[in-house]
Amino acid sequence: MGRPLLFGFLLCLLSVPLAAQITFYDFGFERDGQVRVEEDSRVLRLPWAGGLNSVHFSEIDLDTDGSPDLLGFEKHGNRLLPFLRRDGGFEYAPQYVRFFPDLHDWAIFYDYNHDGKPDIFTYGLASIRVFENISTDTPRFRPVTDALQAYYYNGYTNIYASPDDYLVVDDVDEDGHLDILNFWVLGRYVHQLRNYANEGDPLDFHLENECWGHFSEAADNNVVTLFTDCADKSGDGPTRHTGSSMLLYDFDGNGLPDLLLGDVDSPYNILLYNHGTLSDARMTRQDTAFPAFTPIKLYSMPAASFVSLPGHGAPSLVVSPSDPSLTKSQDLNSVWVYDYNAQIQQYVLVQTDFLQGEMVDVGSGAYPVFYDFDGDGLQDLFIGNYGRFDSAATVNGWLIPHFSSSVRHYRNTGSAAMPVFTLQTDDFGNLRMLGERALYPAFGDFDSDGLTDMLCGREDGTLLLVPNARLTTGMGSVTENFAGIDVGEFSTPQHFDLDGDGNADLVIGNRRGLLSYYRGGGSETGGFQKITDTLGGVDMRDFTQSYFGYSVPCLYRDAQRGTVLFCGGEQGEIAYYKQIDGNLSGVFEKAEPNLAETVEGTAYAFREGRRVAPAVSDLDGDGRPELLIGNYAGGAAFFRGANPPAHTSVGAYEKPVSLRVYPNPSRGVLHVENDRPMQRISLYDIYGRMVMASGAAQTAAVLDVSGLPAGVYLLKANGAVVTKVVITK
């Protein structure tokens, strides 16, 4: 750098007030989808797109080039997956995620104001949230309402929506205006909400029909009864299990919309044929094995959408599970594509792993770990999982799925400057036959024979020792309950010399969201001595969302900062802790804000889904660690180490504030506390009706709920944070 340029640079620095000086994150990460992955002698095109379990597709023009691109919404983690149309296929484009609001449980795109841009309808507080598409050169969305309303009987109230349903958002009566079909609360009948749109209100809904289609769904299974007049309301109550998917389309070409219906715990779609009129739909025939040649059979609650795919001619029917449970869905080969064959007038199955087959996808739950198993100086990749869906059976009306866990091994066949991961086996150590769940791998010599073994966390919280012989030859027995260690449920061990004494220790996460610390070289069985179950005060629970944290620790020793901790959790957070060395009996410092990815110079919070698991290693030797984030959809996102971004440039979609509500359940008063002032606190019943509100800016409030009926309510603060409240008498 020349003297004049250097002098000018220093002068600029000196002219910045101290209060405006920029601080930087300790680490920087930029998404890299180009790191090569090879499986079965082919190169994956979308290796780091994050996997798919339960995805629903829509079309939207992301890059404003005039042609629609593809947007997937993954229910298991509320992940958005943007794909651009490129060269007859699709290119994963995660840089577009930052332009979208946080969407939850389901998302349907429909252009309600006829401007050629699909708007967003998504779940929101037992109702429907709406965002208007106001995109210009990049996607942009304006919030319209948090609770879409309709006129029922004698006044307007919130339209009920379940987080578990995929309702119909479409022009049902073909009058040019968007309508809605939904199951009302826990009812067995479909309500038609007709849109009486006008210039002042393009979303003016009225209850038009309490029994659209004149059919009912059974209370405890997917049996449909036709020709009902809906006069009997006795079954229209809380006995119905929630969860239905609906797709409106004229399948038989008679000019009337038919209904493709899916149901929770069922792998089938039932096609109901409409032979009524546009103003009075009447379902007169049902097909329980649709389509005829290869019927849809996807556990559980398959949801369908029509998508125009390159080279497929007419729009294809794309089907994937939408069951709200994380442990019921088919997870591999779970995105089916049907094309319409005009000659036989039938939909024909053409693919069972659309996009999914080009991704790293290990089933349900992905727990990546880097370790140089073959000793060639390159870090190999191992990925454990919660399991892979194997089968399901219905017992006493309940769906009982079976998952079997395994560890996948990718050998690093690249170079010191550029990793390449080549699949060696999807069942390292032949563990799938054991029928375990939630195997999380760690490596080291655990039986003192001088060879590398694998120690696996498991669902019951104990550890499973897999000796080297079984890893290298497939032979040998495993050791259950290694060292008598039990951390509760969902143990996630890391073998790491935490105290720097030359002996590797065990740091183990668990379902509670805490960390246990076992010092290596101790006198207890297995050479590990229990020190604490609350290491560093780490707690990954977010009580506004769940009582569990599902902590996944990844300790890393940095040349500048010493030992640091990256910890994954239930709600998608990658928490970063420092001040660890010399402080093992104290509380680790949690960095605020948390780690972020850099997109075009701006830092954005990670949005990689639920139950995320980090793996950190400097794969290319440049002194900046790479980060791999596994998620519950069975895939992973790869981030290359980069220059740290500035704190001042943190982008949108930071995690909402923490909310504490107690006692819960409550008989008289509710105490509501928050770290930052709450501008508004609202309490809603299950119908989405506001029953109480407080509007003062405060960090604590007391609500008198003694006058409210007993039941379940939803408390909302600052228009974003929601928690469930139970009122008793």
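Remember, predicted model here, so these are calculated numbers, not experimental data.
- Between Tyr123 and His104, the shortest heavy-atom contact is CB-O, 3.4 Å.
- Residues Ser551 and Leu515 share a closest heavy-atom pair of OG-CD2, 3.9 Å.
- For Tyr249, the ring-ring contact (aromatic ring centres under 6.0 Å, His included) criterion is met by Phe251, Phe306, not counting sequence neighbours.
- A salt bridge does not link Glu573 to Arg607: none of the charged side-chain nitrogens sits closer than 4.0 Å to a carboxylate oxygen.
- Ion pairing of Asp620 with Arg640 is present here, as a side-chain N (NZ or NE/NH1/NH2) and a carboxylate O approach within less than 4.0 Å.
- Between Phe606 and Phe639, the gap from one ring centroid to the other is short of 6.0 Å.
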> What's the verdict on side chain to side chain donor-acceptor pair (under 3.5 Å) for Arg98 and Tyr96, showing C-alpha distance, side-chain angles and the deciding distance?
Replying inline: CA-CA 5 Å; Arg98 72 190 193 273; Tyr96 286 94; over 6 Å; no

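- Between Arg129 and Asp102 there is no salt bridge, since none of the side-chain N atoms of the basic residue sits less than 4.0 Å from a carboxylate O of the acidic one.
- Counted by atom type alone, Asp65 and Ser67 present one or more donor-acceptor pairs between their side chains at under 3.5 Å.
- Considering only residues two or more places apart in sequence or on other chains, Tyr440 meets the ring-ring contact (aromatic ring centres under 6.0 Å, His included) condition with Tyr367.
- A donor and an acceptor atom, one from each side chain of Ser334 and Gln356, are located under 3.5 Å apart.
- Side-chain atoms of Asn385 and Ser405 form a donor-acceptor pair, as typed in the model, at a separation below 3.5 Å.
- In this structure, Phe403 has its ring center under 6.0 Å from that of Tyr386.
- When all heavy atoms are compared, the tightest approach of Val35 to Trp48 is O-NE1, 3.0 Å.
- Shortest non-hydrogen contact noted between Val37 and Val360 is CG1-CG2, 3.9 Å.
- By the side chain to side chain contact (heavy atoms under 4.5 Å, CB included) test, Asn412 pairs with Leu378, Asp380, Pro419, Phe421, sequence neighbours left out.
- Salt bridge annotation for Arg388-Asp390: present, with a cationic side-chain nitrogen under 4.0 angstrom from a carboxylate oxygen.
- Looking at Val564 and Val616, their side chains never come closer than 4.5 Å, going by heavy atoms from C-beta outward.
- Checked by atom type, the side-chain pair Arg610/Tyr632 shows no donor-acceptor distance below 3.5 Å.
- Counted by atom type alone, Ser316 and Asp339 present one or more donor-acceptor pairs between their side chains at under 3.5 Å.
- For the salt bridge (Lys or Arg N to Asp or Glu O under 4.0 Å) condition, the pairs that include at least one residue of residues 321-330, sequence neighbours left out, are Asp265-Lys328.
- A salt bridge (Lys or Arg N to Asp or Glu O under 4.0 Å) check over residues 134-145, counting only residues at least two apart or in different chains, returns the pairs Glu132-Arg142.
- Here the side chains of Val318 and Ser320 are not in contact, with every heavy-atom distance at 4.5 Å or above.
- Side-chain contact between Phe109 and Asp119 is absent, with no heavy atoms from C-beta onward closer than 4.5 Å.
- Considering all non-hydrogen atoms of both residues, Val599 and Gln95 come closest at CG1-CB, 4.1 Å.
- Between Phe83 and Phe90, the ring planes lie perpendicular to each other; the angle is over 60°, past the 30° to 60° tilted range.
- The ring-ring contact (aromatic ring centres under 6.0 Å, His included) search around His76 returns none, not counting sequence neighbours.
- Using a 4.5 Å heavy-atom threshold, the side chains of Phe638 and Ile629 count as separate.
- Not counting sequence neighbours, Asp105 has no partner by the side chain to side chain donor-acceptor pair (under 3.5 Å) test.
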>> Evaluate Arg541 against Glu570 for salt bridge (charged side-chain N to carboxylate O under 4.0 Å, His left out), listing each step before the verdict.
In response: CA-CA 7 Å; Arg541 289 173 291 189; Glu570 164 77 350; over 6 Å; no

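- Partners of Ser135 under the side chain to side chain contact (heavy atoms under 4.5 Å, CB included) rule, at least two apart in sequence or in another chain, are Asn133, Pro139.
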> Is there a ring-ring contact (aromatic ring centres under 6.0 Å, His included) between Phe27 and Tyr576 once you walk through the steps?
Replying inline: CA-CA 10 Å; Phe27 297 93; Tyr576 169 57; 5.7 Å; yes

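- With a 4.5 Å cut-off on side-chain heavy atoms, Met246 and Leu167 count as touching.
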> After noting the C-alpha distance and the side-chain angles of Glu358 and Arg42, does the key distance pass the salt bridge (charged side-chain N to carboxylate O under 4.0 Å, His left out) rule?
Replying inline: CA-CA 10 Å; Glu358 297 294 336; Arg42 65 189 181 95; 3.6 Å; yes

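- Each salt bridge (Lys or Arg N to Asp or Glu O under 4.0 Å) pair with one or both residues in residues 48-59, not counting sequence neighbours, appears once here: Glu59-Arg85.
- Within the cation-pi definition used here (under 6.0 Å to the ring centroid, within 45° of the axis), Arg511 does not qualify as a partner of Phe490.
- Residues Tyr410 and Glu39 have side chains that bring a donor and an acceptor to within less than 3.5 angstrom of each other.
- With a 4.5 Å cut-off on side-chain heavy atoms, Leu298 and Pro267 do not count as touching.
- Not less than 6.0 angstrom separates the ring centroid of Tyr371 from the ring centroid of Phe382.
- The nearest pair of heavy atoms linking Asn158 to Ser127 is CB-OG, 3.9 Å.
- Not counting sequence neighbours, the partners of Arg458 by the salt bridge (Lys or Arg N to Asp or Glu O under 4.0 Å) test are Glu436, Asp460, Glu480.
- Under the 4.5 Å side-chain criterion, counting only non-hydrogen atoms from C-beta, Pro321 is not in contact with Pro302.
- For the pair Tyr166/Leu247, no side-chain contact is recorded, criterion being any heavy-atom separation below 4.5 Å from C-beta on.
- Between Phe57 and Phe73, the ring centre distance reaches or exceeds 6.0 Å.
- Partners of Asn643 under the side chain to side chain donor-acceptor pair (under 3.5 Å) rule, at least two apart in sequence or in another chain, are Arg624.
- Every residue two or more places apart in sequence or in another chain was checked for a ring-ring contact (aromatic ring centres under 6.0 Å, His included) with Trp336, and none qualifies.
- Taken to the nearest 0.5 Å, the CG atom of Leu317 stands 12.5 Å off from the NE2 atom of His312.
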